Amino acid sequence: MKNYFVLLCLFSLGAGCVKHRDLPPEPARQRLTPNITLRELRQMHFPGNTEKIIEDLVAEGVVVANDSLDNFYKTIVVQDATGGISIKIDATQLYLLFPVGQKFFIRLRGCWLGDYGGLLQLGAGSDKTDSLYPRLISIPVPLIQQILIAGERGQSPAPKEVLISQLSDSLQNCLVRVKEVEFIAADTSRPFADALNRQSVNHVLTSCVGGSVYLRTSGFSRFASVKTPRGSGTVTGIYTVFGWEKQLVIRDTADVSLYGLRCSGTGAVTHLLEDFDLLRPGSVLSLQGWKNLAETGGRSFYVRSTGNERYASIEAFASGEPQITSWLIGPTISLNGVSGARLSFETRAGFDNGAKLEVLASSNYDGSNVPSRFRWTPLTATIATGPALQQSLTWTPSGSISLAGFKGNIRLAFRYTGSDTGLHRRTTTFHLDKIRVLSN
């Protein structure tokens, strides 16, 4: 312990020697032979379960995130060329022994795999007090040196550059740099987190080319009170998930490089951009400013997903209703002083037997729950059709739909009509995604 005390004095750089009891002395450098990759390790885990590793397995990885600025708590993130993993350690000030760029060998025998909200983690045990939700136990201090063996010191691997649409489970716990993003207007110039109440906050990052992801920041982070920037650019961080939510967690505000003009700063002006990526799959679609109305027959639009992609969906199948009329109505769009406004979106169809999806616009709809009482103008768009016996895997672009005939405030709507009774059922499934309104 005496040697460790001296080591921490050196770290203090004359600021006063404080004895930290959370961590053991820095382990001696050793060389082990890895026999499993982090991707292979991930494949050993069954979601929602915990598994004890009984084989003599050794993984190798480099630290890409730690608790240096308290945005990660009692956790380090280690990555190799194939994937990454969060390691739960029951200690603080982990950055002293686990600096970014440090290589470690991980002796896995006796360790446990688990997940928290779908995010894979490595720990030292499993607490199954609640059999439905087993909890992973952190690695205690006495076992740190036995499990994590320091290797060479180097640099953190370069982040993988991706678009929001390319974020997937294979990138969990990996350092990524997301391109062409900006905070939504409502989340600009806001504190990264609630430092006063020590509450974590999610801000929405949106892509200039479509897609959204949460940037999550702990209220305990040392930069919680720093304001979010207004520009566009790149954000570097660890890709994580919590349930259905896709999240980025930054290590420092230096990871946020948003110095360019906002997406609407040059070229086309964006009036509406919705890709449903922040909604929960399997839920009834609910978005601020939108109306999801089952006017006849009790069928609402809901959220579905394929892989990493989420979208709106509607169908009359198994409703048993003679008439289905469902509306998905977007927020108010102001076209005052706007030229060249145009709408675009994508659709997919399946089990096509004649149900209809239309797109309409209204300048007098007042937000009521009976939209058919108002005046709606059908818009000419390409809507997906077929096949009859399965779901299409191909998205059909709507084409560029001119809104030049409208002035002032308008609402856009997608109306589904179908039936699930009689000899001529019309129950086609439609999927809807990437709704955009742009202008010059």
Side-chain angles (χ1 to χ4, degrees), residues 184-186 204 212 244 271-305 310-336 341 343-349 354-381 383-384 398 401 403 405-422 425-437:
I184 62 171
V204 178
S212 301
W244 53 271
H271 300 273
L272 176 65
L273 175 59
E274 185 54 61
D275 54 22
F276 310 107
D277 275 359
L278 295 181
L279 302 186
R280 181 174 186 168
S283 63
V284 174
L285 195 155
S286 178
L287 277 169
Q288 184 174 1
W290 290 67
K291 302 284 284 188
N292 184 8
L293 302 172
E295 188 173 29
T296 305
R299 277 296 170 95
S300 301
F301 283 77
Y302 57 102
V303 184
R304 294 188 66 177
S305 64
R310 298 168 193 180
Y311 42 85
S313 187
I314 185 73
E315 63 185 2
F317 180 73
S319 67
E321 294 291 334
Q323 178 62 41
I324 297 289
T325 304
S326 305
W327 298 74
L328 182 62
I329 305 173
T332 300
I333 298 172
S334 175
L335 298 181
N336 290 318
L343 163 69
S344 65
F345 55 90
E346 296 180 359
T347 53
R348 279 198 293 150
K356 183 186 294 185
L357 183 68
E358 304 168 275
V359 59
L360 312 100
S362 175
S363 56
N364 74 337
Y365 172 64
D366 68 357
S368 82
N369 291 337
V370 190
S372 60
R373 294 179 179 176
F374 298 85
R375 185 173 65 253
W376 293 91
T377 301
L379 302 176
T380 302
I383 305 291
S398 65
I401 305 160
L403 301 176
F406 298 91
K407 304 295 180 184
N409 293 334
I410 69 167
R411 301 285 290 268
L412 297 171
F414 295 88
R415 182 175 65 189
Y416 177 87
T417 53
S419 172
D420 192 36
T421 60
R425 287 181 169 86
R426 296 175 291 117
T427 60
T428 312
T429 300
F430 284 101
H431 302 322
L432 171 67
D433 202 3
K434 295 181 174 58
I435 303 169
R436 294 182 177 87
V437 176

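Since this is a predicted model, take the numbers as computed values, not measurements.
- In this structure the side chain of Arg310 never reaches within 4.5 angstrom of the side chain of Leu279, judged on heavy atoms.
- Using a 4.5 Å cut-off on side-chain heavy atoms (C-beta onward), Ile333 and Phe406 make no contact.
- The two residues Asn336 and Gly408 have their closest heavy-atom pair at OD1-CA, 3.3 Å.
- Taking OG from Ser368 and CD from Glu295, the interatomic distance works out to 8.0 Å, rounded to the nearest 0.5 Å.
- Between the side chain of Ser398 and the backbone N or O of Ser344 there is no donor-acceptor pair closer than 3.5 Å.
- A heavy-atom distance below 4.5 Å is found between the side chains of Glu274 and Trp290.
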Walk me through it: do Lys407 and Leu335 pass the test side chain to side chain contact (heavy atoms under 4.5 Å, CB included)?
CA-CA 6 Å; Lys407 304 295 180 184; Leu335 298 181; 5.9 Å; no
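- Summarising the geometry, atom CD1 belonging to Ile410 is positioned 9.5 Å from atom NE2 belonging to His271; distances are rounded to the nearest 0.5 Å.
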Thr332/Arg411 under side chain to side chain contact (heavy atoms under 4.5 Å, CB included): CA gap, chis, key distance, verdict:
CA-CA 5 Å; Thr332 300; Arg411 301 285 290 268; 3.3 Å; yes
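- Side-chain atoms of Thr347 never come within 3.5 Å of backbone atoms of Ile383 as a donor-acceptor pair (strictly under, hydrogens ignored).
- Of the charged side-chain nitrogens involved, at least one lies within less than 4.0 Å of a carboxylate oxygen, so that Arg425 and Asp420 count as a salt-bridged pair.
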Tabulate below the donor-acceptor pairs under 3.5 Å that side-chain atoms of residues 354-364 make, not counting sequence neighbours, or state none.
from	atom 1	to	atom 2	distance (Å)
Glu358	OE1	Arg415	NE	3.1
Glu358	OE1	Arg415	NH2	3.0
Ser362	OG	Asn364	N	3.2
Ser362	OG	Asn364	OD1	2.9
Ser362	OG	Tyr365	N	3.0
Ser362	OG	Arg375	O	2.8
Asn364	OD1	Arg375	N	3.3

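- Legend: ring pair (Phe, Tyr, Trp, His ring centres under 6.0 Å) pairs involving residues 310-331, not counting sequence neighbours, sorted by first then second residue: Tyr311-Trp395, Tyr311-His431, Trp327-Trp376.
- When side chains are defined from C-beta on, Phe276 counts as touching Ile435, because their heavy atoms get closer than 4.5 Å.
- A donor-acceptor distance shorter than 3.5 angstrom exists from the side chain of Ser326 to the backbone of Arg299, with no hydrogens or angles considered.
- Contact annotation: the side chain of Tyr302 never approaches that of Asn292 to less than 4.5 Å [non-hydrogen atoms, C-beta and beyond].
- Judged by distance alone, the side chains of Glu315 and Ser313 never bring a donor and an acceptor atom under 3.5 Å apart.
- Closest of all the heavy-atom pairs between Ser300 and Ile314 is O-CD1, 3.2 Å.
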Side chain to side chain contact (heavy atoms under 4.5 Å, CB included) between Leu412 and Leu403, worked out
CA-CA 10 Å; Leu412 297 171; Leu403 301 176; 4.3 Å; yes
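- Counting heavy atoms from C-beta outward, Thr325 and Ser372 have side chains that stay 4.5 Å or more apart.
- With sequence neighbours excluded, the residues forming a ring pair (Phe, Tyr, Trp, His ring centres under 6.0 Å) with Phe414 are Phe345, listed by chain and number.
- Rounding to the nearest 0.5 angstrom, the gap separating the OG atom in Ser305 from the CH2 atom in Trp244 is 12.0 Å.
- Closest of all the heavy-atom pairs between Pro322 and Thr421 is CA-OG1, 3.2 Å.
- Side chain of Lys291 to main chain of Gly367: a donor-acceptor pair is present (N/O by atom type, distance under 3.5 Å, no hydrogens or angles).
- Summarising the local packing, CZ of Arg426 is surrounded by more than 12 heavy atoms from other residues, nucleotides or ligands at distances under 6.0 Å.
- Scanning all heavy atoms of the two residues, the minimum distance from Thr427 to Ser419 falls at CG2-O, 3.3 Å.
- Across every non-hydrogen atom of Thr428 and Ala349, the tightest pair is CG2-CB, 4.4 Å.
- At least one side-chain heavy atom of Asp275 sits under 4.5 Å from a side-chain heavy atom of Asp433.
- Residues Leu379 and Leu343 share a closest heavy-atom pair of CD1-CD2, 4.1 Å.
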